[in-house]
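Nothing here was measured: the structure is a model prediction, and the numbers come from that model. Below, chain A is the first sequence line, B the second, and so on; all start at residue 1. Keep in mind that the numbers below use all heavy atoms, side chains included, and drop hydrogens, waters and symmetry copies.
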Amino acid sequence: MRWSTAFIPTLKEDPADAEVISHKLLVRAGMIRQVSRGIYDYLPLALRVIRKIETIVREELDRAGAQELLLPIASPAELWQESGRWELYGKDLLRFKDRHERDFCLGPTHEEVITDLVRRVVRSYRELPLNLYQIQTKFRDEVRPRFGLMRGREFIMKDAYSFHADMEDCRREYQNMFDTYKRIFTRCGLKFRPVEADTGAIGGSLSHEFQVLAESGEDAIVSCGSCDYAANVQKAEVKPHRPSARDLKDSSPPLRKVATPDKKSVAEVANFLSLPPEKFVKTIVYKVDGSELVAALVRGDHEINELKLRATLHREEVILADEAEVEKATGVAPGFLGPIGLKLRILADRAVQGMRGAVTGANEINAHYVDVDQERDFTPSAFADLRMAVAGEPCPRCEQGRLESYRGIEVGQVFYLGKKYSETMAATYLDPEGRERAMEMGCYGIGISRLLAAAIEQNHDENGIIWPLAIAPLQILLLPINYKEERIQNVTNELYRDLLKRGLEVLLDDRDERPGVKFKDGDLIGIPLRVILGAKGLEKGRLEVRQRRDGKTEEISVEKAAEAIQAMIAEALKA
RNA sequence: CGGGGCGUGGCUCAGCUUGGUAGAGCGCACGGUUCGGGACCGUGAAGUCGGUGGUUCAAAUCCACUCGCCCCGACCA
């Protein structure tokens, strides 16, 4: 590839609308351009990276026994109505009508479509298991697309779906995909961590996310310093709390009501009363499945985890009650709510159990109780793990470990779905006894375009991108200092042809630009190996090879250059 | 959906408060000098000032509406 004729529109300055580094660098390196919010053109260099990632994904999935197919991007409403997601999926699902006024949507994911296919084909346990995947553009009309390719509306995804006769086989495939994902991300040259995850809108009961570790990540994850426990904070368990002996022995002063005019939040009241937030009990009212109101209690310095609340209640939908609903049910505005005398079902986080000298709302405007003693003054219907885990607390799985927190970019997720879709959509088969049974399913996604951004978030410096060799758009940058000079041009061209003949991927910077411009552009687009051909070196029959990542440079002879470079690439790819 | 910000040559921005016929740097074209980390000199092309409507003798500038883009939030009392 010759730079002079390539479509690589680099920019000297950061684009005005980019915030995160991967977005800035992708645009500056001439790899993407925005078309609309969350929608981008992929220019040639970006597409090359995408193809590389896709190739790795295909090789590993094929090796793991999955088969590639391609499903349509538009699907009819009927399938989504059948699974119930036409209603449930909400506005992220981009809907439209065809010329016959029939409802369609752009696929945000393909459980319905694939399940429909498989149920129409598979009849017998003999045809199972199956693992089918595709690499395709998805569309989710995100509330707030942001950060370039990290959260786009249109994005490229690999999605795989597996079908099994029984749970054991499905679990086996889950593990198979888990291991395959580890190989894929390792081959892509990324630092990542698999973590336990919530199943979200996709559904199911077991899930891991693969998080690329990066400060700019949207997800908070925690992991144990001494064992291999790691989880998304959404999912992370909290070690069961035991009230300390001292807490239990202290006698508490009597309950008192104090005036707290206009002080609603824990921070406000804590400041007003000069008490630390951990002495507070927050009372939060939720509407469960659209009707019942339930109060949840967590300590003032903790955050409630709604996913845990939902799981504890065994209900589908748990949303915060609005102010009017709360007032109607309790007679008081949120901000002054407390468990004492509250006429609602109350669930409490374990950390609330046995609290003494606590502060709660008084269920009366502008008033709070102090010196609240949980055991003496109120009894929730149950104690459960309801809060977010935080860094520094004990590991829920091992004795000595403490949790550390990180930021991550989710680039893959594996789900055990069970029969969620096969039952609602009647994807059944006949077992050896001739009984009709619903298939067990799993699904497995990788955000290809997001992976591109994540790789940059993790691999860049002040000068630009530093591609891991395995996914670099090209492997070698040939940089003649003065290409117009005949001798340099001849040597460069010869080396270029030789490298191409050896099957290497080479970008030849044959532009009539000053060296500084070429160096800057080269660093920006991040090609791993840079070969510099300058007049001084060539006089001695030598050229320079420089690593983009660490700047390490070595001189090699021109005659052996192609062979030496090929060896360097081969060596690096092996590592 | 709520809050904030921005929209002016290809890019990054100034000009707007206080209305008077549009600027800079980079990029681009041409000529010359240069040539190992974003050169220098000269010449030049390029902008319906996001759109619509209004106020005014006069609007990039003031007003209204609208479209687009960015950021924060959109559930923790």
* Within the structure shown, what part of the strands sits under 4.0 Å from A:Asp14 by heavy-atom distance: base, sugar-phosphate, or nothing? -> sugar-phosphate
* Asked: Counting any heavy atom closer than 4.0 Å, what does A:Leu337 reach on the DNA or RNA strands: base, sugar-phosphate only, or nothing?
  -> nothing
* Asked: Looking at residues 540-554 of chain A, who's got a heavy atom less than 4.0 Å off RNA chain B?
  -> A:Glu544, A:Arg546
* Structure fact -> Applying salt bridge (charged side-chain N to carboxylate O under 4.0 Å, His left out) to A:Lys518 and not counting sequence neighbours gives none
* Asked: Among the nucleotides B:U12, B:C76, B:G73, which one has an atom lying closest to any side-chain atom of A:Pro15?
  -> B:U12
* Using salt bridge (charged side-chain N to carboxylate O under 4.0 Å, His left out) as the criterion, list what pairs up with A:Arg153, not counting sequence neighbours. => A:Asp141
* Considering only side-chain heavy atoms of A:Tyr286, which listed nucleotide, B:C75, B:G37, B:C71, is closest? -> B:C75
Hey, can you pull the donor-acceptor pairs under 3.5 Å for the side chains in residues 525-543 of chain A, sequence neighbours left out?
from, atom 1, to, atom 2, distance (Å)
A:Arg530, NH1, A:Asp523, OD1, 3.1
A:Arg542, NE, A:Glu555, OE1, 3.3
A:Arg542, NH2, A:Glu555, O, 3.3

Could you list the donor-acceptor pairs under 3.5 angstrom formed between side-chain atoms of residues 266-280 of chain A and any protein atom two or more places apart in sequence or on another chain?
from, atom 1, to, atom 2, distance (Å)
A:Glu268, OE1, A:Lys264, N, 2.8
A:Glu268, OE1, A:Ser265, N, 3.0
A:Lys279, NZ, A:Arg356, O, 3.2

* Asked: Can A:Glu457 and A:Arg407 be said to form a salt bridge (Lys or Arg N to Asp or Glu O under 4.0 Å), step by step?
  -> CA-CA 12 Å; A:Glu457 292 290 332; A:Arg407 307 290 306 176; over 6 Å; no
* For A:Arg28, report the nucleic acid contact type (base, sugar-phosphate, nothing); a contact means any heavy atom under 4.0 Å. => base
* To do: Would you please say whether a donor-acceptor pair under 3.5 Å links the side chains of A:Glu306 and A:Tyr286?
  => yes
If you restrict it to nitrogen or oxygen atoms, what contacts under 3.5 Å exist between nucleotides 31-34 of chain B and the protein, and what is each distance?
from, atom 1, to, atom 2, distance (Å)
B:U34, O2, A:Arg514, NH1, 2.6

* To do: Locate the shortest heavy-atom distance separating A:Ser207 from A:Gln413; write the atom from each residue and the value.
  => OG-NE2, 2.9 Å
* For A:Glu505, check salt bridge (charged side-chain N to carboxylate O under 4.0 Å, His left out) against everything at least two apart and list the hits. => A:Lys52
* Side-chain N or O of A:Arg144 less than 4.0 angstrom from OP1 or OP2 on B:C72? -> yes
* Phosphate OP1/OP2 of B:G68 contacted by A:Gln34 side-chain N/O (<4.0 Å) -> no
* Asked: Rounded to the nearest 0.5 Å, how far does CG of A:Asp510 lie from OH of A:Tyr496?
  -> 8.0 Å
* Asked: Of all the choices, B:G36, B:G73, B:C75, which nucleotide is nearest to the side chain of A:Leu320 once you look at every atom?
  -> B:C75
* Structure fact -> For B:G2, the nucleotide meeting Watson-Crick or G-U wobble distances (both under 3.5 Å) is B:C72
Output a table of nitrogen or oxygen pairs between the protein and nucleotides 23-30 of chain B separated by less than 3.5 Å.
from, atom 1, to, atom 2, distance (Å)
B:G25, N2, A:Glu13, OE1, 3.3
B:C26, O3', A:Lys12, NZ, 3.2
B:G27, OP1, A:Lys12, NZ, 3.2

* Would A:Gln234 and A:Asp198 count as a side-chain hydrogen bond (donor to acceptor under 3.5 Å, both in side chains) if you check the C-alpha gap in whole Å, the side-chain angles of each, and the deciding distance to 0.1 Å? -> CA-CA 7 Å; A:Gln234 299 273 302; A:Asp198 179 61; over 6 Å; no
* To do: Describe the nucleic acid contact of A:Arg33 in one word from base, sugar-phosphate, nothing, applying a heavy-atom distance below 4.0 Å.
  => nothing
* To do: Establish whether the base of B:C71 is bridged to the side chain of A:Glu19 by a donor-acceptor pair shorter than 3.5 Å.
  => no
* Asked: Does a side-chain N-to-carboxylate-O contact under 4.0 Å join A:Lys484 and A:Asp512?
  -> yes
* Structure fact -> Those residues at least two apart in sequence (or on a different chain) that pass salt bridge (charged side-chain N to carboxylate O under 4.0 Å, His left out) with A:Glu292 are A:Arg315, A:Arg345
* Asked: Across all strands shown, which nucleotide pairs with B:U52 by Watson-Crick or G-U wobble geometry, both distances under 3.5 Å?
  -> B:A64
* To do: Go through the structure and list residues passing ring pair (Phe, Tyr, Trp, His ring centres under 6.0 Å) with A:Phe155, not counting sequence neighbours.
  => none
* **side-chain N/O A:Thr283 vs B:C76 OP1/OP2, d < 4.0 Å** => no
* Asked: Say you pick atom P in B:U48 and the same atom in B:A60; how far apart are they, in whole Å?
  -> 13 Å
* Asked: Under 4.0 angstrom, heavy atoms only, what part of the nucleic acid is A:Val298 near: base, sugar-phosphate, or nothing?
  -> nothing
* Structure fact -> Sorted by chain and number, sequence neighbours left out, side chain to side chain contact (heavy atoms under 4.5 Å, CB included) with A:Thr137 holds for A:Ile73, A:Glu154, A:Ile156
* Asked: Where do A:Cys105 and A:Trp86 come nearest, in terms of heavy atoms and distance?
  -> CB-CZ3, 3.9 Å
Using the 3.5 Å cut-off, write out each protein N or O paired with an N or O of nucleotides 40-44 of chain B and the distance between them.
none

* **Pair assignment for B:G31, Watson-Crick or G-U wobble, requiring both distances under 3.5 Å** => B:C41
